[in-house]
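Worksheet for the structure shown next.
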Amino acid sequence: MKLQFFKYQGTGNDFVMIDNREGTFPKSNTKLVAFLCDRKFGIGADGLILLENDAESDFKMVYYNSDGNQSSMCGNGGRCLVAFANQLEVIKGEATFVAVDGLHHASIAEDVVSLQMQDVSEINEKTNYDFLNTGSPHHVQIVSNLEDLDVSKEGKKLRYGIYGKEGSNINFVHQEDQAVFNVRTYERGVEDETLSCGTGVTAVALAMHNSGKTQSNHVTIGTLGGELQVKFNKTKEGYKEIFLIGPAKLVFKGEIDVES
Ligand SMILES: N[C@H](CCC[C@H](N)C(=O)O)C(=O)O
């Protein structure tokens with residue numbers, strides 16, 4: 001079967017996007033998804049995202065990691081999906097869509113997407129790291145040697161060491177200024193460092209505010225793939241009105257022959 005796809009990237013976190021409103025994509029075919037994400041034998045991406053119809057919202061997001069398995073929320077992928085839906089004229093500038101972690105509101109201007117993330121009511125503060133869920137699970141750890149850290153090696157150790165089979169994404173962070181942080185992330189389900197992780201930088205922004213490293217509710221996060229902004233409000237019930245803001249771009253579109 002001929003499969004049309006669009007390749008998007010959000011600060012270097014890259015995705016194969018497929019318009020599955022006809023419902024023809026073989027969603028349980030893990031091997032196919034892993035093949036499409038394979039950087040040598042397939043198209044190549046950190047993940048694959050289906051755009052689907054939804055009765056109660058503008059569209060539904062189905063997210064797969066590059067290992068071929070469906071996973072929890074992807075912040076950069078959500079931003080790319082809003083750009084994709086806008087390109088297809090499924091939406092016009094604003095969107096409400098449903099993802100694995102619930103409803104999300106978003107807006108797009110030029111190629112910058114502002115995506116509202118789910119509220120976060122719990123941040124587990126451990127001795128030398130924090131753990132929280134921003135739609136995906138995230139370990140957040142301050143390090144002094146961010147630039148020369150072997151993120152793949154150190155991330156793998158923690159992802160399997162502390163978090164076992166369920167796993168977690170691992171974020172290493174260094175504070176650059178009062179409201180500026182640099183982050184490098186080891187991503188679960190990619191099982192390697194990615195150039196950026198949207199739910200990860202959201203987790204870092206909230207953890208840094210929660211621990212008093214910043215007093216600002218608008219944080220700039222530098223990643224290997226570019227800069228993201230995170231805005232939020234701290235309330236008695238935790239963090240709300242959390243927005244992940246940054247570019248989401250179409251790289252190319254194509255067609256690939258796959259076994260149906
Ligand atoms: N790998 C993550 C999902 C994608 C997260 C990331 N790509 C983002 O932008 O949030 C997990 O399995 O928890």
Side-chain angles (χ1 to χ4, degrees), residues 7-17 30 33-34 36-37 39 44-50 61-84 97 99-102 104 106 112-118 120 130-140 151-152 155-156 158-160 162-173 183-207 219 221-230 232 239 242-249 251:
K7 186 78 196 306
Y8 272 78
Q9 62 83 13
T11 49
N13 207 188
D14 64 335
F15 309 97
V16 174
M17 316 294 283
T30 307
V33 174
L36 293 171
C37 291
R39 294 193 186 282
D46 291 332
L48 181 142
I49 301 176
L50 302 180
M61 171 180 182
V62 180
Y63 177 77
Y64 298 80
N65 278 316
S66 56
D67 65 4
N69 297 311
Q70 283 196 39
S71 190
S72 42
M73 182 54 185
C74 178
N76 286 327
R79 295 190 305 101
C80 287
L81 189 58
V82 169
F84 182 41
F97 67 92
V100 63
D101 63 344
H104 291 265
V112 176
V113 179
S114 173
L115 172 66
Q116 183 164 13
M117 307 300 281
Q118 295 306 331
V120 172
D130 294 327
F131 179 77
L132 61 160
N133 191 305
T134 52
S136 284
H138 285 280
H139 171 111
V140 175
V151 168
S152 184
K156 219 176 280 288
L158 291 166
R159 175 260 189 272
Y160 288 103
I162 303 180
Y163 299 100
K165 188 173 177 325
E166 179 63 19
S168 172
N169 302 283
I170 311 293
N171 302 273
F172 299 105
V173 53
V183 175
R184 293 178 65 188
T185 303
Y186 173 95
E187 263 200 58
R188 172 182 73 165
V190 178
E191 302 311 339
D192 203 347
E193 180 177 11
T194 56
L195 295 184
S196 98
C197 176
T199 50
V201 303
T202 304
V204 168
L206 301 185
V219 170
I221 306 265
T223 74
L224 296 181
E227 205 169 81
L228 287 163
Q229 309 287 325
V230 182
F232 49 84
Y239 288 91
I242 303 165
F243 287 88
L244 171 66
I245 305 158
K249 294 182 177 159
V251 186

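Quick note: numbers below take in every heavy atom, side chains included, and nothing from hydrogens, waters or symmetry partners. Since we're looking at a predicted model, the values are computed, not measured. First listed ligand is number 1; within each ligand, the first listed atom is number 1.
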Ligand 1: which protein N/O atoms lie under 3.5 Å from its N/O atoms?
unit_1	atom_1	unit_2	atom_2	d
ligand 1	1 (N)	N65	OD1	3.0
ligand 1	1 (N)	N169	OD1	3.4
ligand 1	1 (N)	E187	OE1	2.8
ligand 1	1 (N)	R188	O	2.8
ligand 1	7 (N)	N13	OD1	3.0
ligand 1	7 (N)	E187	OE1	3.1
ligand 1	7 (N)	E187	OE2	3.2
ligand 1	9 (O)	N13	OD1	3.2
ligand 1	9 (O)	G75	N	3.3
ligand 1	9 (O)	N76	N	3.0
ligand 1	9 (O)	G198	N	2.7
ligand 1	10 (O)	G75	N	2.8
ligand 1	10 (O)	T199	N	2.8
ligand 1	10 (O)	T199	OG1	2.6
ligand 1	12 (O)	N65	ND2	2.9
ligand 1	12 (O)	S71	OG	2.7
ligand 1	12 (O)	R188	O	3.4
ligand 1	12 (O)	R188	NE	3.2
ligand 1	13 (O)	S72	OG	3.2
ligand 1	13 (O)	S136	OG	3.3
ligand 1	13 (O)	N169	ND2	2.8
ligand 1	13 (O)	R188	NE	3.2
ligand 1	13 (O)	R188	NH2	3.0

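Take N65 and apply the side-chain hydrogen bond (donor to acceptor under 3.5 Å, both in side chains) test, not counting sequence neighbours, and it matches Y63, S71.
When each of N13, T185, N76 is paired with S196, the side-chain hydrogen bond (donor to acceptor under 3.5 Å, both in side chains) condition holds for N76 and for no other.
Between T199 and C74 the shortest side-chain heavy-atom distance does not fall below 4.5 Å.
Note: L115 CG to F243 CZ = 8.5 Å, rounded to the nearest 0.5 Å. To the nearest 0.5 Å, atoms NZ (K7) and SG (C80) are separated by 9.5 Å.
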Start with the C-alpha gap between L81 and H104, add the side-chain angles, then the distance that decides, and say whether side-chain contact (heavy atoms from CB on, under 4.5 Å) holds.
CA-CA 12 Å; L81 189 58; H104 291 265; over 6 Å; no

